[in-house]
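Reviewing the structure listed below.
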Number of protein chains: 2
Amino acid sequence: MKPNQLLASSCAMTRTMGILGGKWKPLIIWGIGQRRIRFGQLAAHMPLISRKVLAEQLKELEEAGLILREAFNEVPPRVDYSLTENGLRLLPILESLRDWTKSCEAAGTPASGPCLVEKQA
Amino acid sequence: MKPNQLLASSCAMTRTMGILGGKWKPLIIWGIGQRRIRFGQLAAHMPLISRKVLAEQLKELEEAGLILREAFNEVPPRVDYSLTENGLRLLPILESLRDWTKSCEAAGTPASGPCLVEKQA
DNA sequence: GTTACTAGTAACGTGCTGGTAACTAGTTTC
DNA sequence: GAAACTAGTTACCAGCACGTTACTAGTAAC
């Protein structure tokens, strides 16, 4: 099953999974949020994702038009990432998804593992 | 990166990805929708997912408490799947996700590939 | 001259993910 | 007595997703 196959589907939900499929992309979008953030900051923020995978996913998200990449010709190099309008419109949906998880767990056990992405207050 | 690691995170968004991560689970939930549906029907409905993977994902979703599995002691065997309350509460969120995709594509190219899951009218 | 800094990329290796085919059971149909 | 039906499970195998390590460039600090 190639992701391209998903994107080519006539079913909108299937295409959605082609865009956001995998466990990383929603987390990365959520991690960027409304900020402009540099690659290194983002990587430090999400220690469970390797830098290589992060770079790959960022590139795919940029191609999908969800994030904006601004590279500055400086030394040392500097690149800022931020969400495009389409990306920003995804945030409230992700938020309701997170709330759904919380409500499911309402009577469950609290988690204690490392935080992969936590929204800055 | 083990999915268990995601589930153990203290970050709710990370745990969400632990539950729904991968490209299949949201599609399966969407495919079941508000119906009671048999395994064979569901499999016929989503031709791009192999039966083996479908069975595995269904089991995981059942363990996560999102779907209900009812097996009847008949011959030939019969098993009905349906969403639990938690699963049902996910449907409107998935719907807004699908709408988000559609609005992103508003000016884009129409897709023509096979439908993996399409909501029955 | 060495080290550090950033934002990656390339090479390499491993293990999980997913696909295919074969098999199960008990009853019905031919 | 053979075949078909359902809902899987098992064995086996290919591929890719992911991780680790090393490397780049140009400048600044030591």
Side-chain angles (χ1 to χ4, degrees), chain A residues 1-7 14 17-28 31-32 35-63 67-82 114 116-117, chain B residues 1-7 14 17-28 31-32 35-63 67-82 114 116-117:
Chain A
M1 162 87 331
K2 304 286 154 59
N4 311 344
Q5 264 185 284
L6 294 182
L7 287 175
T14 306
M17 289 305 112
I19 300 172
L20 295 177
K23 29 185 183 300
W24 303 124
K25 294 199 178 73
L27 283 171
I28 293 172
I32 297 177
R35 301 176 283 180
R36 293 173 112 248
I37 189 170
R38 300 180 56 172
F39 181 82
Q41 282 182 282
L42 197 54
H45 206 57
M46 320 205 294
L48 293 186
I49 310 182
S50 75
R51 295 180 143 245
K52 179 198 156 199
V53 172
L54 181 57
E56 288 167 353
Q57 302 286 310
L58 283 170
K59 190 180 289 182
E60 288 179 28
L61 285 171
E62 192 199 352
E63 282 165 8
I67 65 176
L68 191 67
R69 180 182 185 275
E70 295 172 273
F72 300 88
N73 238 351
E74 303 176 359
V75 167
R78 177 181 154 210
V79 179
D80 278 0
Y81 289 97
S82 57
L116 185 52
V117 179
Chain B
M1 162 87 337
K2 305 285 156 58
N4 310 344
Q5 264 184 284
L6 295 181
L7 287 174
T14 306
M17 289 305 112
I19 299 172
L20 295 178
K23 29 185 182 298
W24 304 123
K25 293 200 179 70
L27 283 174
I28 293 172
I32 297 178
R35 301 176 283 181
R36 295 173 113 248
I37 191 171
R38 301 181 57 172
F39 180 82
Q41 282 182 283
L42 197 53
H45 206 56
M46 320 205 294
L48 292 186
I49 310 181
S50 74
R51 296 181 143 243
K52 178 197 157 200
V53 172
L54 181 57
E56 287 167 354
Q57 302 286 311
L58 282 170
K59 191 181 287 182
E60 288 178 28
L61 285 171
E62 192 199 353
E63 281 164 9
I67 64 176
L68 191 65
R69 179 183 185 276
E70 296 171 271
F72 300 87
N73 237 351
E74 304 176 357
V75 167
R78 176 180 154 210
V79 179
D80 277 359
Y81 290 95
S82 56
L116 185 51
V117 179

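What's counted below: heavy atoms across the whole structure, side chains too, no hydrogens, waters or symmetry copies. A note on names: the letters A, B, ... follow the listed sequences, proteins ahead of strands, and every chain is numbered from 1.
The side chain of R38(B) lies closest to dA7(D) when the candidates are dG8(C), dA7(D), dC18(D). The S50(B) side chain lies nearest to dG19(C) when the options are dT9(C), dG19(C), dC18(D). Of the candidate nucleotides dG8(D), dT9(C), dA7(C), dT9(C) has the atom nearest to the side chain of K59(A).
I67(B) has its CD1 atom 14 Å from the C1' atom of dA7(D), to the nearest Å. We find that CG of L48(B) is positioned 9 Å from P of dG19(C), with the value rounded to whole Å. Atom pair L54(A):CG and dC18(D):C1' shows a separation of 13 Å (rounding to whole Å applied). Atom P of nucleotide dC23(C) and atom CZ of R51(B) are separated by 18 Å, given to the nearest angstrom. Atoms CD1 (I49(B)) and C1' (dG8(D)) sit 16 Å apart, rounded to a whole Å. Separating the CD atom of E60(B) from the C1' atom of dT17(C) is a distance of 11 Å, rounded to the nearest angstrom. Per the geometry, CD1 belonging to I28(A) stands 13 Å off C1' belonging to dC18(D), to the nearest Å. Separating the CD atom of E56(B) from the C1' atom of dA7(D) is a distance of 14 Å, rounded to the nearest angstrom.
Considering only residues two or more places apart in sequence or on other chains, E62(B) meets the salt bridge (charged side-chain N to carboxylate O under 4.0 Å, His left out) condition with none of them. Remark: E63(A) pairs with no residue by the side chain to side chain donor-acceptor pair (under 3.5 Å) rule, at least two apart or across chains. Residues passing the side chain to side chain donor-acceptor pair (under 3.5 Å) test with R51(B): none are found, sequence neighbours excluded. In terms of the salt bridge (charged side-chain N to carboxylate O under 4.0 Å, His left out) criterion, K59(A) has no residue partners (sequence neighbours excluded). Scored by the salt bridge (charged side-chain N to carboxylate O under 4.0 Å, His left out) test, R36(B) finds E70(B), D80(B) as partners (sequence neighbours excluded).
Between R69(A) and dG8(C), a side-chain N or O to OP1/OP2 separation shorter than 4.0 Å is present. Close to dT17(C), at under 4.0 Å from its OP1 or OP2, lies no side-chain N or O of W24(B).
Of the residues in residues 72-81 of chain A, those lying under 4.0 Å from DNA chain C by heavy-atom distance are P76(A), P77(A), R78(A), V79(A), Y81(A).
In terms of position along DNA chain D, the nucleotide closest to Q41(B) lies nearer the 5' end than the nucleotide closest to the other residue of the pair Q41(B) and K52(A).
In this structure the side chain of M46(B) reaches within 4.5 angstrom of the side chain of I28(B), judged on heavy atoms.
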Checking L61(A) against K25(A) for the side chain to side chain contact (heavy atoms under 4.5 Å, CB included) test, could you report, in this order, the C-alpha distance in whole Å, the side-chain angles of both residues, the deciding distance, and whether it holds? CA-CA 7 Å; L61(A) 285 171; K25(A) 294 199 178 73; 3.6 Å; yes
